[in-house]
Amino acid sequence: MYRRLLININQVRNRLIHTHNTRLTLPSTKCKERESFAPVTWAPCTARPLGTSSISFSENKESSTSLSEDKGKTPEETELETEPVVKPEDRKQVETTKSGKESLLELLGAMKVEVTTVRKIRPSKTPRMSERPDQEPMESTHSMFQRAAAEGSQQHGTLNPALVAAVSAAASTLPNRHQAESELLKQLRKHEAIPDTQRRADIGHIISDMKVGKRPNGRSNVRPTSQIRFDDDGKGYTQDRGITSELDGVRRRKSPFTSKRLNLFAAAAEQDALSDLGPTLWDIDLVNQIVQATNQMPRNGFEEMIQWTKEGRLWQYPINNEAGLEEEASVPFHEHVFLEKHLDESFPQQGPVRHFMELVITGLAKNHHLTVQQKKEHIDWFRDYFRQKEDVLKEAEAYLN
Amino acid sequence: MASSCSQALRHHVCKSSRILRVHLQKAWPNRSFVLNSAADQQPAVSSPVEEIVIPKKKTWSKEAVLQALASTVNRDPTASDYRFQDDPYLTPKTSSEFKLFSLSQESGRNAAKYFISTYPKYFQKDYAQPHIPCLMPETLEAQIEEVSEAALIERIQMRKVKAAVDLYDQLQQAGTPVSLDVTNQLLDLICFYGDCDPAQENVPEQRNEETEDVQDEPQTKKGRASKASDKLKAAWKENNNAERIFALLSEPNTHSYSALIRGMVKYGAYSKAFSTYTDLLNNQLKADVSTFNALITAAPEVKEKYNEKWELIVDLLKQMAEQKVKPNLLTLNAVLKALRRCGTVGKSQAFPVISEMRALSIDPSLASYNHLLSIFYKPGAPFQGQTDILQEVMNEVSGKSFTPQDPDDAQFFITAVRICLDTKDIEQAYRVHELLGVGENWRLLGNDFQQNIYHARFFSLLCMMENIDVVLKWYRDLVPSVYYPSSNVMRDLLQVLDTDNRLDLIPQIWKDLKQLGHGNRQTLVEELLTLMAREKQNQEVQETFAECALDIKKMYDTGDRGKVMMSWTAGSLSDLVSVLLAAQRRQDAWEILKLFKTHNRVPSEELLDKFLTCIKESGDVNQALELVQISAGFCLPGTPKLIQRVQQEFLLSEQQKSMLSDLEIQTFNSD
């Protein structure tokens, strides 16, 4: 049963990660939890190993996931942490038996401590900030989550709302719901309140036992490339790179590129306006030489199309709704739409011809295939036509002018 | 009216969005935090009102969509170069085919262009709608006939040096004044082409020249010599048209001087260029940056000693500063290039020069780094204590994307990888290769020939430094899609196979070798045979070896489309026999053994001994006797030993015994 509970909490955790990513709202997950927790009943005396197994499970997952995900998860780690705290009686049992699992727990505790220190620091802005300034630039996502968490915890009496949600979910499975929940929360708060200095002492040795490529005191100079060493397939290509990349920082400071300058020029020397005539033959030749020297062969069909577009051989790929509007670009839209002005006195003011022409310009107004000039020509054609047939029309009394 | 209305509206929106943005930027630091916490918070907790950011209008270039699409395509290591994908028949398999196909494609294009331009009257139909100018014939004949400035401008634009000079003279004689700008353009033209008509552009000859350049390059490597040959072709002549027209100018300006000096430097009249520069100073004029660049290029030519050269350069730079001329990237590169010829002075001054340019916010291009590397690593010279420079340079450049700015940019990669090869620094070679993958840097690897040099160096370094798995990984990645290895590099690869004890891959490599056109390289094939014959492998491998060996034999027999035939040597034949014997293919081996006689080669005693052992396993007495006869036929000193072995190890009939004793007496007599 306990195991079910833990697994469920694990699931909640995973879902929470999910919510972090997709920004699903929390209440919906909570509902699901309730559903899944409903059949579970409380059985207080189940054995510890179950708990640790789930922890070790999460630990494995962690080591296999990428760094950034790792960081995304850390606020939720605390949730798992709550479990041992929830039941202090159990912990005593464990202390006597399992030392290996204890170290795992310690390890998790250490993970959490990282979080809590920051969490404490962020809102209160204690001077300790300056002790660990390196952490910030490197772990932007990390700190973002932590700030988010910190914000939440302030409003909820220094507790993460996600945690509270998990606790209430867990408590809802118990018979004495309200009491359980408040107890759980109390334990959690107590845990939060433990001074972080006390815990920081043991981070060092725990995490140094872990084979994770990140030092607890966060060396900002370690490049992300050195992480590749820990990839499974990192063989060969990045082999033996670690030492150099770490030394890079040291070397960079002594780089000859930062040696002293000749001091011939004043830095602010402004050039007189010289190039007045556009490119000279020499400039054209320079460009030509550069083109000759470099590889201009397209590597795929798209690059070939880019080349053709540049040469003007290919109609350019539309990048907005006005593609291919070159000749009409300067013509405002009303020239296209309001064509009445072309129906001047050369057409009769009323009658079937007028009516017909009004239909013609309505049609032309909606035609986007013709240019304004073509539309005018179209109207002009009708003007000539009706003028030629004037006699016939007058005879039929259709031409009223 | 409607348009003005919409304009007004747009203006308003712009203004308000700007205000909004200013407002937002103040609130920015909290913003990310607000958004993230919103996911955790209950909706009841008050969150700040969502503010709308109206993004700036972005103008896209017309290739933007295509560029985005192109960035999604990765190189396919199993495909050949894109330009050959139209016709699978023309997929090149060897480097010579690659050269042939790409050049013929290119020259086909040029031929078409030549015909269109030469006979424009047949190509007047304009099919394209809208009109495509670049598909229409270029006008190569001058249109304006009368003697006027417009005609002169036309001839200058068409780069007809002689015609332009003639027309200018006619104008002068007619007393028509020609404006200074046009005269300067004319001077540019004359100086650029060294007072000769340029070879017609886009004409097949031009291409031929280029291909010659490419073929020359192995000897010259840096292209310096090819430039030298340019200079030899057309030297600056005393009192040529440029000088004559220049002398006619009443008030030459900076541009006129610049044209003249650049022409002089281009065509090797270095000291004259400097005296023209003195002239310019005497006329109270200022030089422009390109003039200084040309003079800096010429500086190492007019002085002998290293420090004198350097002093002249410093002097020029000081004058630039005095005349308030801002140097550009080409200045920096010219100085560095000149420093390459200043020996030890170069080493001490290169970095200060770069710092100086940095201070003027001129970022070095790959050509600068190339010159820097060349200053510190002279080809063929020992490297002492300078191994760091490459590392420093790589620290500077790695991860950056460069755009071509200088014709020498394309030299960087092959220089860098040469140094890696010379210093056997695989780590830096990987960094160089990584840099090649960044952004558009691949364009800076240069033309096909340079690409080949680069990959050859990179791959030989890999063969030297890496284990077989890594080498093969790269081999499959590079060969044959971008690189066609030469036979030397393939020999390196065989050596790696040998050292890492992966001889079982030889048949595979042989297939590639055949495809790459190295199937008739005798030394290479012999090495292959030796490697296969040297050790006894397991049965399966021996079987594939035997197949491979027979394939090689076919290569000897038929040759490859009129290419050089290989001739059998005793070594290659005996290697072949031992490979076949090891695979228990006695019959095939027997055939090969006969070839010794037809090709007048002598088998070794050990080979025959081995053969006899093999025959003994099958118990074929007749063949054993024949073997002894062959051995006797070659008068080998080991024949009596063979006879002895046959007598001891085989069950012989009376007749056979007598035959053997006859042979024994024969050999004894011949001794």
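Naming: A, B, ... by sequence-line order, numbering from 1 per chain.
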If you count heavy-atom pairs under 4.5 Å between each of B:C134, B:G446, B:A410 and chain A, which one has the most?
B:G446
For A:Q374 and A:T371, which I'm curious about, is there any donor-acceptor pair between the side chains at under 3.5 Å?
yes
Residue pairs fulfilling ring pair (Phe, Tyr, Trp, His ring centres under 6.0 Å) with at least one residue in residues 281-309 of chain A, sequence neighbours excluded:
A:W282-B:F192
Measure distances from A:E304 to the heavy atoms of chain B and classify the residue's part below 4.5 Å as side chain, backbone, both or neither.
side chain
Listing request: all salt bridge (charged side-chain N to carboxylate O under 4.0 Å, His left out) pairs with a residue in residues 67-76 of chain B, at least two apart in sequence or in separate chains.
B:R75-B:D477
For chain A, which of B:K318, B:R262, B:K62 has the most heavy-atom pairs under 4.5 Å?
B:R262
Heavy-atom pairs under 4.5 Å with chain A - which of B:M357, B:Q405, B:Q85 has more of them than the others?
B:Q405
Under 4.5 Å from any heavy atom of chain A - which part of B:S61:
backbone
With chain B, the option among A:I290, A:V287, A:L286 that has the most non-hydrogen atom pairs under 4.5 Å is A:I290
Flag side-chain contact, heavy atom, 4.5 Å: A:N295 against B:N447
no
Considering only heavy atoms, which portion of B:I354 lies under 4.5 Å from any heavy atom of chain A: side chain, backbone, both, or neither?
side chain
Which atoms of B:D406 come close to chain A, meaning under 4.5 Å heavy atom to heavy atom: side chain ones, backbone ones, both, or neither?
backbone
Using atom types as modelled and distance alone, determine if a side-chain donor or acceptor of A:N288 lies under 3.5 Å from a backbone N or O of A:I284.
no
What part of B:E322 gets closer than 4.5 Å to chain A, counting heavy atoms only: side chain, backbone, both or neither?
neither
What part of B:Q451 lies closer than 4.5 angstrom to a heavy atom of chain A: side chain, backbone, both or neither?
side chain
Looking at A:D285, A:V291, A:L281, A:N300, which one has more heavy-atom pairs under 4.5 Å with chain B than the rest?
A:N300
If you measure from the Lys or Arg side-chain nitrogens to the Asp or Glu carboxylate oxygens, is any gap between B:D448 and B:R83 under 4.0 Å?
yes
Short side-chain donor-acceptor distance under 3.5 Å, B:T331 and B:N328:
yes
Relative to chain A, which segment of B:I426 carries a heavy atom at a distance below 4.5 Å: side chain, backbone, both, or neither?
neither
Steps toward salt bridge (charged side-chain N to carboxylate O under 4.0 Å, His left out) verdict (B:R431, B:E434):
CA-CA 5 Å; B:R431 292 180 75 184; B:E434 208 175 350; 5.9 Å; no
Which one wins on heavy-atom pair count under 4.5 Å against chain A: B:L444, B:L317, B:I156?
B:L317
Aromatic rings B:F402 and B:Y369: how do their planes relate, parallel, tilted or perpendicular, breaks at 30° and 60°?
perpendicular
